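The block underneath contains the structure these notes are about, expressed in structure tokens.
Ligands are counted one by one from 1 in listed order, and the atoms in each one are counted from 1 as well. Just so you know, these numbers come straight off a predicted model, no measurement behind them.
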Amino acid sequence: MQYIAVLAICLLANAPRAVLAASKYITDEDLAKCPKDAAQVGDCIKILMNELIPRMRLGDPELNIEPYDPLVINRLSFLYSTGPIDGKISVKNVKIYGFAEHKVDKVNIKVNGDKVKVRVLSNVDKINMLGEYKGELNVNSLQLKPKGFFNVTLFDTAFRVIANGDIYTKDDFRYLHLNDIEIEPKIRDIIVKANGIFPDPELDELAVNIANSYWRDIYAIVLPETRPAWAPVVLRQINQALLHVPIDQFIQPSQ
Ligand SMILES: *[C@@H]1O[C@H](CO)[C@@H](O)[C@H](O)[C@H]1NC(C)=O
């Protein structure tokens, strides 16, 4: 989700543009600048994002932008308690491919004083997630300890992202800090491959088939349940990247 940081690179400004000397800041040499007050500023930022998202896929250590294609997650745990199921699932060595193939469809930005509200619609044809998982689950009175590899492919995912932030000034530069972010992915289809759910290979296959048939129901539970685990991580990473991105750099100076 680091690509969202790229979004913030592009925000509105209404003060004279600061002169940037330090190289630790992102440079804009070959990027168009967006008009400050035009109604088309959303369209302009959309074009910038579509340019930057594939370009920054390997990250930029100076800007604190971590690589996001593949996006690597070393370890993440979810606690579960839904209906008859409760327990814990952890994943490790997860690699997520596809974020750099994002296409931004629409950007809306509202600035009110130093408050900013951003709305972004985007889509990506294919996202592939590979990794290891381990679980301790109680299903009714049944205890499961699944452990194995997974390979999940998402087809035609549409993202709706809404973020609220503040513009603040530091060392004569203006920056954006996000206070909250809402990410709503909608997926057309999923293919799940996994092993180790049950010790018995036939049961294993059955479970995977069930997961593939009922992924919509599973996803409807998993998404809100896991949100508290990943949403703060995404927000923190974006804000870390934003520390190095003075927004005036991407907006035309005031006349
Ligand atoms: C993961 O699954 C997808 C489609 O189901 C497949 O195309 C891909 O080769 C698999 N990747 C690995 C590393 O097994």
Side-chain angles (χ1 to χ4, degrees), residues 1-4 6 49-50 53-61 65-80 82 85 87-105 121-137 139 144-161 183-227 229-231 233-234 237:
M1 294 294 174
Q2 279 282 342
Y3 79 95
I4 300 163
V6 169
M49 288 181 72
N50 281 329
I53 289 169
R55 205 205 281 184
M56 309 266 275
R57 67 194 306 150
L58 300 179
D60 186 329
I65 294 180
E66 286 167 31
Y68 51 83
D69 201 349
L71 180 68
V72 177
I73 299 172
N74 292 328
R75 198 174 280 278
L76 201 58
S77 296
F78 309 111
L79 288 176
Y80 250 70
T82 311
I85 305 175
K88 185 178 143 182
I89 290 192
S90 1
V91 293
K92 66 172 187 180
N93 302 328
V94 180
K95 283 201 171 117
I96 305 176
Y97 295 88
F99 283 124
E101 311 301 326
H102 245 90
K103 297 283 176 293
V104 176
D105 302 310
L121 301 177
S122 65
N123 74 83
V124 59
D125 292 347
K126 194 167 125 182
I127 296 175
N128 185 225
M129 311 188 207
L130 305 166
E132 296 166 50
Y133 77 96
K134 202 166 92 179
E136 282 174 35
L137 299 176
V139 186
L144 294 176
K145 287 198 172 178
K147 182 176 187 296
F149 291 93
F150 67 87
N151 171 0
V152 177
T153 310
L154 318 182
F155 296 94
D156 298 333
T157 306
F159 287 94
R160 191 169 139 271
V161 175
I183 303 169
E184 201 63 56
K186 277 212 175 70
I187 303 166
R188 182 180 59 77
D189 202 9
I190 293 187
I191 295 180
V192 180
K193 290 180 183 167
N195 63 21
I197 302 171
F198 295 102
D200 178 83
E202 279 177 29
L203 263 186
D204 222 26
E205 202 185 316
L206 181 69
V208 170
N209 288 340
I210 290 174
N212 279 298
S213 304
Y214 293 98
W215 69 263
R216 272 171 214 283
D217 303 306
I218 299 168
Y219 177 72
I221 297 167
V222 168
L223 183 69
E225 285 281 311
T226 58
R227 201 186 297 277
W230 55 261
V233 178
V234 172
Q237 288 200 347

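N50 places a side-chain N or O within 3.5 Å of a backbone atom of V104 that can act as its donor or acceptor partner.
In summary, the atoms of ligand 1 found under 4.0 Å from a heavy atom of I191, numbered by their order in the structure, are 5 (O). Short contacts between ligand 1 and K193, defined as distances under 4.0 Å to a heavy atom of the residue, involve ligand atoms 2 (O), 3 (C), 4 (C), 5 (O), 6 (C). Short contacts between ligand 1 and T153, defined as distances under 4.0 Å to a heavy atom of the residue, involve ligand atoms 2 (O), 3 (C), 4 (C), 5 (O).
Atom CZ of R188 is surrounded by more than 12 heavy atoms from other residues, nucleotides or ligands within 6.0 Å. The environment of F155 atom CZ is dense: over 12 non-hydrogen atoms of other residues, nucleotides or ligands sit within 6.0 angstrom.
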- Take T153 and Y97, measure what side-chain contact (heavy atoms from CB on, under 4.5 Å) needs, and give me the verdict at the end. CA-CA 9 Å; T153 310; Y97 295 88; over 6 Å; no
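Ring planes of Y219 and W215: perpendicular class, angle over 60° (limits at 30 and 60°).
The nearest protein heavy atom to atom 7 (O) of ligand 1 is not closer than 4.0 Å. For atom 2 (O) of ligand 1, the nearest protein heavy atom lies closer than 4.0 Å.
Looking only at protein heavy atoms, the nearest one to atom 9 (O) of ligand 1 is N151 ND2, 4.9 Å.
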